[in-house]
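First comes the structure, then the notes that go with it.
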Amino acid sequence: MPDGGGELRLKQRGSEFSIMLGTIELMNSRLSGSEEALARLSYERIQKHARPHMLIGGLGMGFTLRAALGVLPADAKVTVGELVPSVVSWARGPMAEVFAGCLDDARVVIKEGDVGRLIQASAAAYDAILLDVDNGPEGLTRKANDDLYSIAGLRAARKALRPNGVLSVWSSAPDAGFTRRLREAGFAVEELSVRASTKGRGARHVIWMATKER
């Protein structure tokens, strides 16, 4: 990782891929349900917005990006912020079949770097900001990710959203403190429980839908 936060490894067994941090599996190509739900639920809340612009924090295995492209209109724009250059290289190389050409979609722009900096540099730029960074608000891979989920980080995200925009956050587990911080930052908050598997089985993950109501 660029800031010395550890080493990510890509593992493959047949058609299955895993991204590992040490002995911890961060993601697996078999489990995409909650990441896809992140995109679908976000779009449901901005579908009346003209020419929507969506910012996705974290490319991962492209589950959220592919799901977003499946529902967004032709005149939409999707900016993806990915900190680790190797993740982008894997998407275009060994995992190209998993990504199914979505990086070549004309609506997509990939920005290699910290998504937090993209947010900090923006004002009323996005209709939706989707954060699938780290393991959720409780940082696992990179301590600096905590800034994204702090009061200051959440207020920066709110500033970067257009009126009635939504900040959507994926997490592997609930976090009551994070829900409180979202409300303190001025969002109307929904906390949703979704299955990790597209088949409706397996572990449950959490998605926060935080709306900027004005």
Side-chain angles (χ1 to χ4, degrees), residues 1-2 8 10 15 17-19 26-134 141-142 145 148 156-157 159-162 164-170 194 198 207 209-210 212:
M1 297 174 68
L8 297 184
L10 179 67
S15 60
F17 291 90
S18 298
I19 293 180
L26 298 180
M27 61 195 75
N28 186 290
S29 59
R30 292 185 296 105
L31 300 173
S32 61
S34 58
E35 291 87 350
E36 292 173 9
L38 181 68
R40 185 181 68 255
L41 293 167
S42 299
Y43 180 65
E44 286 175 0
R45 287 154 177 79
I46 64 164
Q47 58 186 319
K48 294 182 180 178
H49 293 211
R51 300 175 61 85
H53 187 180
M54 182 177 284
L55 172 63
I56 297 177
L59 177 61
M61 292 187 172
F63 301 136
T64 301
L65 175 59
R66 291 201 310 276
L69 293 174
V71 293
L72 285 166
D75 61 355
K77 180 178 179 181
V78 183
T79 300
V80 181
E82 173 54 54
L83 177 70
V84 185
S86 291
V87 172
V88 180
S89 298
W90 293 338
R92 298 190 184 279
M95 287 200 295
E97 187 171 337
V98 174
F99 277 79
C102 66
L103 297 189
D104 299 320
D105 192 297
R107 294 171 289 178
V108 176
V109 176
I110 304 294
K111 299 279 190 180
E112 292 188 11
D114 188 345
V115 70
R117 293 183 180 178
L118 288 176
I119 292 171
Q120 291 281 350
S122 304
Y126 306 109
D127 297 280
I129 298 173
L130 285 59
L131 295 181
D132 184 3
V133 176
D134 210 321
T141 66
R142 183 172 180 259
N145 285 335
L148 277 173
K159 180 182 176 183
L161 286 168
R162 294 169 180 162
N164 299 309
V166 63
L167 170 66
S168 309
V169 180
W170 180 96
V194 295
T198 55
I207 293 175
M209 292 282 143
K212 177 181 180 178

| said: Rounded at 0.5 Å granularity, tell me how far NZ in Lys212 sits from OH in Tyr126. | reply: 13.0 Å
| Which atom pair, heavy atoms only, marks the closest approach of Leu83 to Met1? | CD2-CE, 4.4 Å
| note | Here the pair of heavy atoms bringing Glu36 nearest to Phe63 is CG-O, 3.9 Å
| request: Find the distance between CD (Glu97) and OG (Ser29) and round it off to the nearest 0.5 Å. | output: 10.5 Å
| note | Residues Asn164 and Ile46: closest non-hydrogen pair is O-CG2, 4.4 Å
| Derivation of the side chain to side chain contact (heavy atoms under 4.5 Å, CB included) call for Asp105 and Val78 | CA-CA 10 Å; Asp105 192 297; Val78 183; over 6 Å; no
| Taking every non-hydrogen atom, the tightest pair across Trp170 and Ser34 | NE1-OG, 2.8 Å
| said: Is it the case that the side chain of Asp127 and the backbone of Met54 share a donor-acceptor pair, with hydrogens and angles ignored and the cut-off at 3.5 Å? | reply: no
| Taking all atoms of both residues into account, what is the closest heavy-atom pair of Met209 and Ser42, and its distance? | CE-OG, 3.7 Å
| field | Nearest non-hydrogen partners of Arg107 and Ala76, listed with the distance | value | CG-O, 3.3 Å
| query | Less than 4.5 Å apart, any side-chain heavy atom of Trp90 and any of Ile19? | reply | yes
| field | Side chain to side chain, Leu59 and Leu65, heavy atoms closer than 4.5 Å | value | yes
| query | Are Asp104 and Arg92 side-chain neighbours, meaning at least one heavy-atom pair lies under 4.5 Å? | reply | yes
| query | Are any of the side-chain heavy atoms of Tyr43 and Ser168 separated by less than 4.5 Å? | reply | no
| Stepwise side chain to side chain contact (heavy atoms under 4.5 Å, CB included) check, Thr79 with His53 | CA-CA 8 Å; Thr79 300; His53 187 180; 2.9 Å; yes
| message | In the structure I gave you, are the side-chain heavy atoms of Leu72 and Pro52 within less than 4.5 Å of one another anywhere? | response | yes
| message | When you compare the side chain of Leu69 with that of Arg66, does any pair of heavy atoms fall below 4.5 Å? | response | no
| query | How long is the gap from CE on Met61 to CD on Glu35, to the nearest 0.5 Å? | reply | 9.5 Å
| request: Would you check, one step at a time, whether the test side chain to side chain contact (heavy atoms under 4.5 Å, CB included) holds for Ile119 with Leu148? | output: CA-CA 9 Å; Ile119 292 171; Leu148 277 173; 4.1 Å; yes
| Side-chain touch Arg162/His49, heavy atoms, less than 4.5 angstrom | no
| To the nearest 0.5 Å, what is the distance between CD1 (Ile56) and CG (Asp132)? | 9.5 Å
| Is Ile129 close to Val115 at the side-chain level, that is, under 4.5 Å between some pair of heavy atoms? | no
